[in-house]
Amino acid sequence: MDTLETYGQLVARLAIDLTAVSVLTFAVYYPRHRRRDLVPAYLALNVALFSVVAALSQVGGGGGMALGFGLFGVLSIIRLRSDSIQHEEVAYYFTTLVLGLLCALPHLPLAVAGALAALLLLVIHVADHPRLLSGTRRAVITLDVVHADEAALRADLARRLGEPLTWTVKQVDFVRDLMVVDVRFRVPELSGRVARTTRRTALSATRSRTNALPVPRPPAKETV
């Protein structure tokens with residue numbers, strides 16, 4: 001293959017990759033999660049993987065095999081177990097990895113690479129959409145009582161959070177009389193309506209009190 005054609009293919013693949021990871025980072029991830037510290041991580045990881053795979057495609061023989069095993073080793077030791085990283089953010093990590101890998105594969109047609117990148121963006125956009133399963137929440141709470149009965153525990157969780165869907169007892173401390181529960185629950189459907197109604201009622205009451213106050217009159221002028 002001609003050198004200019006090879007460089008042209010590489011530039012086109014890099015353009016697809018940068019466009020896809022930019023849409024993922026700046027149009028999908030950041031507007032929803034607002035974590036600026038992970039934006040350079042996603043971009044750097046994507047471009048670094050693209051560069052390594054593109055270099056692998058240009059190295060033949062044992063050198064390419066050695067780089068391939070090195071790439072496998074580097075990716076296998078990436079640890080994403082920090083408590084500050086949520087599961088949906090781990091999904092963004094792997095999406096950036098796959099985008100860089102797909103766009104840099106030399107024997108994959110550009111149209112197929114673009115279509116697969118668009119598919120990945122569509123899946124992550126829909127799967128992490130705020131309106132998808134918006135009525136369910138997860139919380140790890142510490143109760144100041146130990147419930148031996150599941151019915152009593154369910155009632156307590158329902159009173160504090162909402163309808164519990166499932167829960168796991170993480171810790172029970174009989175000395176301090178507390179328990180830690182990881183619970184998935186459904187937010188009450190009328191909570192938002194009730195809050196809005198309460199705000200409107202309070203605002204109306206404030207306006208009524210303001211209108212009911214007597215309007216001060218200017219003092220009368222004395223006639224000499």
Side-chain angles (χ1 to χ4, degrees), residues 5-58 67-68 71-140 162-163 165-166 182-189 191-192:
E5 183 178 355
T6 302
Y7 286 157
Q9 290 283 333
L10 181 61
V11 170
R13 293 179 184 278
L14 180 60
I16 295 176
D17 179 61
L18 292 179
T19 301
V21 75
S22 299
V23 171
L24 176 71
T25 305
F26 297 108
V28 180
Y29 172 74
Y30 185 75
R32 295 178 180 179
H33 300 277
R34 298 293 179 180
R35 288 200 57 176
R36 184 184 178 279
D37 56 321
L38 290 181
V39 170
Y42 292 151
L43 296 176
L45 188 63
N46 173 268
V47 177
L49 182 61
F50 179 91
S51 302
V52 172
V53 175
L56 284 174
S57 64
Q58 302 298 321
L67 284 176
L71 176 62
F72 177 78
V74 169
L75 295 180
S76 64
I77 63 175
I78 292 179
R79 303 173 68 92
L80 300 174
R81 299 179 183 177
S82 175
D83 293 335
S84 61
I85 299 179
Q86 304 298 323
H87 291 290
E88 60 268 17
E89 292 166 344
V90 175
Y92 282 96
Y93 262 111
F94 283 102
T95 303
T96 58
L97 286 172
V98 175
L99 284 175
L101 182 61
L102 281 177
C103 295
L105 288 177
H107 301 295
L108 187 66
L110 286 176
V112 177
L116 292 177
L119 177 61
L120 284 173
L121 294 177
L122 178 62
V123 169
I124 197 68
H125 171 74
V126 175
D128 192 39
H129 199 280
R131 295 184 181 180
L132 181 65
L133 304 176
S134 59
T136 59
R137 298 288 189 275
R138 173 183 179 267
V140 179
E163 179 187 354
L165 302 176
T166 181
D182 184 355
V183 56
R184 271 76 170 175
F185 61 96
R186 180 179 289 113
V187 179
E189 296 179 359
S191 59

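Quantities reported herein were computed from a predicted structural model and do not represent experimental measurements.
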Inset, instruction - Report yes if some heavy atom in the side chain of Val39 is under 4.5 Å from a heavy atom in the side chain of Tyr30; otherwise report no. - result: yes
Legend entry - Partner of Leu14 by side chain to side chain contact (heavy atoms under 4.5 Å, CB included), out of Leu10, Leu18, Val11: Leu18
Legend entry - Interatomic distance, Leu165 atom CG to Arg138 atom CZ [nearest 0.5 angstrom]: 13.5 Å
Inset, instruction - Under the side-chain contact (heavy atoms from CB on, under 4.5 Å) rule, what do Leu45 and Leu49 come out as? Steps first, then yes or no, please. - result: CA-CA 6 Å; Leu45 188 63; Leu49 182 61; 5.8 Å; no
Legend entry - 4.5 Å side-chain heavy-atom contact, Leu108 and Leu102: yes
Inset, instruction - Indicate yes or no: at least one non-hydrogen side-chain atom of Leu38 is less than 4.5 angstrom from one of His33. - result: no
Legend entry - Where Tyr42 and Glu89 come nearest, the two heavy atoms and their spacing: OH-O, 3.0 Å
Inset, instruction - Grab the two heavy atoms, one from Ala20 and one from Ala117, that are nearest each other, plus how far apart they are. - result: CB-CB, 4.2 Å
Inset, instruction - Report, as yes or no, whether the 6.0 Å neighbourhood of atom CZ on Arg34 holds more than 12 heavy atoms from other residues, nucleotides or ligands. - result: yes
Legend entry - Rounded distance (nearest 0.5 Å) linking atom CZ of Arg32 with atom NE2 of His125: 5.0 Å
Inset, instruction - Kindly compute the distance separating CG (Asn46) from CG (Leu24), expressed to the nearest 0.5 Å. - result: 8.5 Å
Inset, instruction - Side-chain contact test, heavy atoms from C-beta onward, threshold under 4.5 Å: evaluate it for Phe50 versus Ile16 and give yes or no. - result: no
Inset, instruction - Report yes if some heavy atom in the side chain of Asp17 is under 4.5 Å from a heavy atom in the side chain of Arg13; otherwise report no. - result: no
Inset, instruction - Please examine the side chains of Ile124 and Tyr92, heavy atoms only from C-beta on, and report whether any two atoms are closer than 4.5 Å. - result: yes
Inset, instruction - Output yes when a side-chain donor or acceptor of Ser22 lies under 3.5 Å from a complementary backbone atom of Thr19, and no otherwise. - result: no
Inset, instruction - Drop me the distance from Leu43's CG to Phe26's CZ, to the nearest 0.5 angstrom. - result: 5.0 Å
